[in-house]
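In what follows, residues are counted from 1 in the order of the sequence shown.
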Amino acid sequence: MCGIVGTNFFLKYFNKAVNKLFSRGPDNQDILIYKNNCFGHTRLSIIDLDAEANQPMEFDEIIIVFNGEIYNYKELIKEHNLKVVTKSDTEVLIRLYQKYDVDFLKLINGMFSFCIYDKKKRRFFCARDRFGKKPFYYYYKNGKFIFGSEIKAILSCLDKTPSMNNEAFYEYLSFMTPIHQNTFYKDIKKLQAGHYLILDNNLKIKKYYDIDKIETKYFDKNKSLSDIEDLLISSLKYRLVSDVKVASLLSGGVDSSFISALYAKIVGKIDTFSIGYDEYLHYSELDYAKIVAKHINSNHNEIVISKKDFLETIDKILEATDEPFGDSATIPTYILSQAIHKNGIKVALSGEGADENFLGYDNYFKMFSYYNSTPKESEFNLTKDWEYNNRRLNNLPIYQTSGETFTEKQKKLLLKNYSEKFLIKEFLTNYTPVKWVSYIDFKIWIAEVLMTKIDRASMANSLEIRAPFLDFRLVEYMFQIDDELKKGDTNKSLLKQIAIKYLPQKIVYRQKKGFSSPFIEWLYDEYDKEILDTILIVNKEINIFNEEFVKFLFNEAKEKRFKQHIWQLFLFAKWFNKVYL
């Protein structure tokens with residue numbers, strides 16, 4: 001895993017941009033300049049530890065900087081008769097490009113973002129993986145092109161900080177993060193998951209992958225269970241491709257427990273890491289993780305977070321994400337990643353993607369009941385239930401991702417200059433509700449939230465996290481399963497029927513908890529009215545919030561209502577104060 005940055009113009013202080021990405025690649029940093037085009041790379045050595053695999057890499061007339069892992073690179077060498085000099089997956093991308101041009105993207109299984117510069121064509125070709133596991137940001141204005149793994153690297157190449165992107169802020173209120181191509185900085189964009197970019201005479205962006213038109217073809221439960229188990233084993237084995245030790249995150253929930261148990265069955269003794277809290281213990285799952293660790297006989301490590309640990313990490317997260325990012329789980333993920341790194345480990349497995357693949361969220365089934373019910377006119381209130389019913393009345397998608405925070409009605413109360421937008425219209429499909437809830441979560445919740453959380457929190461601590469449930473072969477298979485078979489008689493029905501072969505029943509069939517933390521309790525314990533003051537001080541500068549509604553949300557969050565809303569406003573205010581005031 002690595003950090004990449006580049007420009008299509010000469011920058012005498014380009015090394016500063018590379019240094020911004022040091023934590024993503026502390027093992028080697030290098031720069032290549034070709035005809036005023038600058039390419040920078042920071043390396044976390046995982047596959048082929050030799051210096052021959054360092055980047056920027058150049059063969060023939062091709063330069064590449066690459067962030068990620070290609071899990072099937074050895075197979076690709078054989079299947080496509082590639083002539084390679086190194087033992088790295090990076091060179092495989094060059095050889096595939098030479099053979100198939102941009103069409104090779106459909107052949108690779110991995111997590112990646114990269115930039116290939118073709119000297120003959122004088123062309124930049126950049127791509128991001130199918131589900132957005134690895135980030136790719138870019139700036140293109142007045143012929144000036146800059147790209148990077150993180151926004152901070154791009155900012156360091158600009159003469160001044162761009163103004164705030166209000167559209168991104170609007171999306172952040174809705175979904176914890178900007179979506180589509182937006183970032184909080186005008187003119188700095190992100191390449192969306194499953195897209196590639198070409199820059200020669202002009203800039204072109206094209207989608208090469210989506211899961212929006214997959215037809216149902218599997219109706220037999222026994223066959224599906226067998227196929228899914230085979231795919232999971234294959235997916236996990238791919239993600240063990242490494243020349244360094246691989247650990248496993250273990251929350252005690254069925255997803256990470258299953259991954260850890262399957263991993264232990266394949267290789268034997270493994271290292272597992274869990275996180276808990278020293279107060280508000282109902283959030284902690286350490287006891288469940290211990291049960292699993294004992295069951296699989298792992299080398300188990302517990303990290304216990306205090307209020308001080310949590311609060312001190314808020315500013316570190318703002319530094320890691322470069323823009324407001326509303327998932328509070330990023331903080332414990334950061335602290336956990338830090339502990340794993342201190343144990344000398346560079347790679348870990350996680351359970352992201354299981355809920356979206358296997359219908360794991362209780363809220364999914366609540367949504368199905370709305371889709372099947374007759375909507376009724378009712379007096380407006382601020383609850384999500386009112387919003388869902390209203391969407392049903394107006395024939396809108398009821399479910400609009402797991403991370404939805406402010407509804408349109410709530411934003412109307414919050415913002416002085418409110419203009420209603422239907423933010424997910426470009427994602428609309430003809431899918432049934434069962435497929436739709438998974439699909440929209442893959443497009444927004446996974447690509448924009450979960451993968452950002454995992455990437456920033458881990459790579460800030462020089463750790464790579466791999467998610468076996470997000471192998472595209474498994475995802476595509478799950479979208480081909482009949483709705484009723486997929487729903488079963490409980491959430492994650494199909495996964496649980498496989499997991500019971502590997503785990504105790506009390507783990508497989510325990511009540512879903514989710515990766516939660518006492519974020520709002522600790523915030524109010526420490527800061528209380530300072531939370532409100534922080535938001536209102538910023539509002540005096542930008543004058544966009546209706547202060548009475550902010551005060552209402554502040555008081556509600558004290559009672560554990562609308563706590564996500566106030567958290568996102570607080571983070572935004574801290575970021576704005578840091579960047580613009």
Q) After noting the C-alpha distance and the side-chain angles of Asp385 and Asn389, does the key distance pass the side-chain hydrogen bond (donor to acceptor under 3.5 Å, both in side chains) rule? A) CA-CA 6 Å; Asp385 289 332; Asn389 182 70; over 6 Å; no
Q) Does the pair Ser260 and Ser248 meet the rule for a side-chain hydrogen bond (donor to acceptor under 3.5 Å, both in side chains), with working shown? A) CA-CA 6 Å; Ser260 299; Ser248 188; 2.8 Å; yes
Q: Give the C-alpha distance, both sets of side-chain angles, the deciding distance and a yes or no for salt bridge (charged side-chain N to carboxylate O under 4.0 Å, His left out) between Asp362 and Lys366.
A: CA-CA 7 Å; Asp362 292 336; Lys366 182 179 180 180; over 6 Å; no
Q: Test Gln181 against Tyr138 for side-chain hydrogen bond (donor to acceptor under 3.5 Å, both in side chains), laying out the working first.
A: CA-CA 10 Å; Gln181 296 183 71; Tyr138 68 96; 2.9 Å; yes
Q: Would you please test Asp441 and Tyr399 for side-chain hydrogen bond (donor to acceptor under 3.5 Å, both in side chains) and show each step?
A: CA-CA 9 Å; Asp441 267 351; Tyr399 184 75; 2.7 Å; yes
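In summary, Lys558 and Glu556 do not engage in a salt bridge, as defined by a charged side-chain N under 4.0 Å from a carboxylate O. Between Asp315 and Lys578, none of the side-chain N atoms (NZ, or NE/NH1/NH2) sits under 4.0 Å from a carboxylate O, so this pair counts as no salt bridge. Under 4.0 Å is where a charged nitrogen must lie from a carboxylate oxygen, and between Asp278 and Lys307 no such pair does. Salt-bridge formation is detected for the pair Arg391/Glu387: a Lys NZ or Arg NE/NH1/NH2 atom is positioned less than 4.0 Å from an Asp or Glu carboxylate oxygen. Between Lys443 and Asp212, no side-chain nitrogen of the basic residue sits less than 4.0 Å from a carboxylate oxygen of the acidic one, so the salt-bridge criterion is not met. A salt bridge between Glu404 and Lys384 is absent, with no side-chain N of the basic residue lying under 4.0 Å from a carboxylate O of the acidic one. Looking at Lys152 and Glu150, a side-chain N of the basic residue comes within less than 4.0 Å of a carboxylate O on the acidic one, giving a salt bridge. Of the charged side-chain nitrogens involved, at least one lies within less than 4.0 Å of a carboxylate oxygen, so that Lys551 and Glu548 count as a salt-bridged pair. A salt bridge links Arg24 to Asp455: one of the charged nitrogens lies within less than 4.0 Å of a carboxylate oxygen. Of the charged side-chain nitrogens involved, at least one lies within less than 4.0 Å of a carboxylate oxygen, so that Lys411 and Glu408 count as a salt-bridged pair. Using a cutoff of 4.0 Å between basic side-chain nitrogens and carboxylate oxygens, Lys487 and Asp483 are not scored as salt-bridged. Look at Asp129 and Lys134 and you find no salt bridge, because none of the NZ, NE, NH1 or NH2 atoms lies under 4.0 Å from a carboxylate O.
In this pair, Phe310 and Trp567 present their aromatic rings tilted. The plane angle is within the 30 to 60° band. Using bins of under 30°, 30° to 60° and over 60° for the plane-to-plane angle, the ring pair Tyr172/Phe572 lands in the tilted bin. Using cut-offs of 30° and 60° for the angle between ring planes, the Phe147 and Phe136 rings count as parallel. In this structure, Trp436 and Tyr439 have tilted ring planes: the angle between them lies in the 30° to 60° band. Ring pair Trp575/Tyr580 is perpendicular by interplanar angle, where above 60° counts as perpendicular and below 30° as parallel.
For NZ of Lys560, the number of neighbouring non-hydrogen atoms (other residues, nucleotides, ligands) closer than 6.0 Å is greater than 12. Other residues, nucleotides and ligands contribute only 12 or fewer heavy atoms inside 6.0 Å of the NZ atom of Lys20. Heavy-atom contacts from other residues, nucleotides or ligands closer than 6.0 Å to NZ of Lys308 number 12 or fewer. Asn417 CG: 12 or fewer foreign heavy atoms inside a 6.0 Å radius. For Glu426, the CD atom counts as densely surrounded, since its 6.0 Å shell holds more than 12 non-hydrogen atoms of other residues, nucleotides or ligands. Lys207 NZ: more than 12 foreign heavy atoms inside a 6.0 Å radius. Lys425 NZ: 12 or fewer foreign heavy atoms inside a 6.0 Å radius. More than 12 heavy atoms of other shown residues, nucleotides or ligands fall within 6.0 angstrom of atom CG in Asn394.
Aromatic pair Tyr277/Tyr280: ring centres not closer than 6.0 Å. Checked against the 6.0 Å centroid threshold, Phe131 and Phe472 do not count as a close aromatic pair.
For the residue pair Val347 and Ile345, the shortest heavy atom distance occurs at O-CG2, 3.2 Å. For the residue pair Ala557 and Tyr524, the shortest heavy atom distance occurs at CB-OH, 3.2 Å.
To the nearest 0.5 Å, atoms CZ (Phe273) and OG (Ser350) are separated by 14.5 Å. Rounded to the nearest 0.5 Å, atoms CG (Leu44) and OG (Ser462) are 6.0 Å apart. We find the OH-CD1 distance between Tyr371 and Ile398 to be 5.0 Å, quoted to the nearest 0.5 Å. Summarising the geometry, atom CD1 belonging to Ile424 is positioned 8.0 Å from atom OG1 belonging to Thr401; distances are rounded to the nearest 0.5 Å. Interatomic distance, Ile444 CD1 to Thr177 OG1, rounded to the nearest 0.5 Å: 10.0 Å. The line from CE of Met367 to CG of Asn372 is 12.0 Å long, rounded to the nearest 0.5 Å.
Counting heavy atoms from C-beta outward, Leu191 and Leu197 have side chains that approach closer than 4.5 Å. Side-chain contact check for Asn577 versus Thr534: every heavy-atom pair is 4.5 Å or farther apart. Counting heavy atoms from C-beta on, the side chains of Tyr139 and Lys189 never come closer than 4.5 Å. Between Tyr418 and Leu413 the shortest side-chain heavy-atom distance does not fall below 4.5 Å.
Judged purely by distance below 3.5 Å, without hydrogens or angles, the side chains of Trp522 and Glu279 pair a donor atom with an acceptor atom.
Arg130 forms a cation-pi arrangement with Tyr209, by the criterion of a distance under 6.0 Å to the ring centre and an angle within 45° of the ring axis. A cation-pi contact links Lys421 to Tyr170, judged by a cut-off of 6.0 Å to the six-membered ring centre and 45° from its axis. For the pair Lys486 and Phe479, the cation-pi test (distance below 6.0 Å, angle within 45°) is passed. For the pair Arg510 and Tyr288, the cation sits on the ring face: its NZ or CZ lies under 6.0 Å from the ring centre, inside 45° of the axis.
The one candidate from Lys290, Glu302, His300 that meets the side chain to side chain donor-acceptor pair (under 3.5 Å) condition with Thr272 is His300. When each of Asn539, Asn543, Asn546 is checked for a side chain to side chain donor-acceptor pair (under 3.5 Å) with Lys416, only Asn543 meets the rule.
Remark: side-chain polar atoms of Asn301 are not paired, donor with acceptor, to backbone N or O of Ser274 under 3.5 angstrom.
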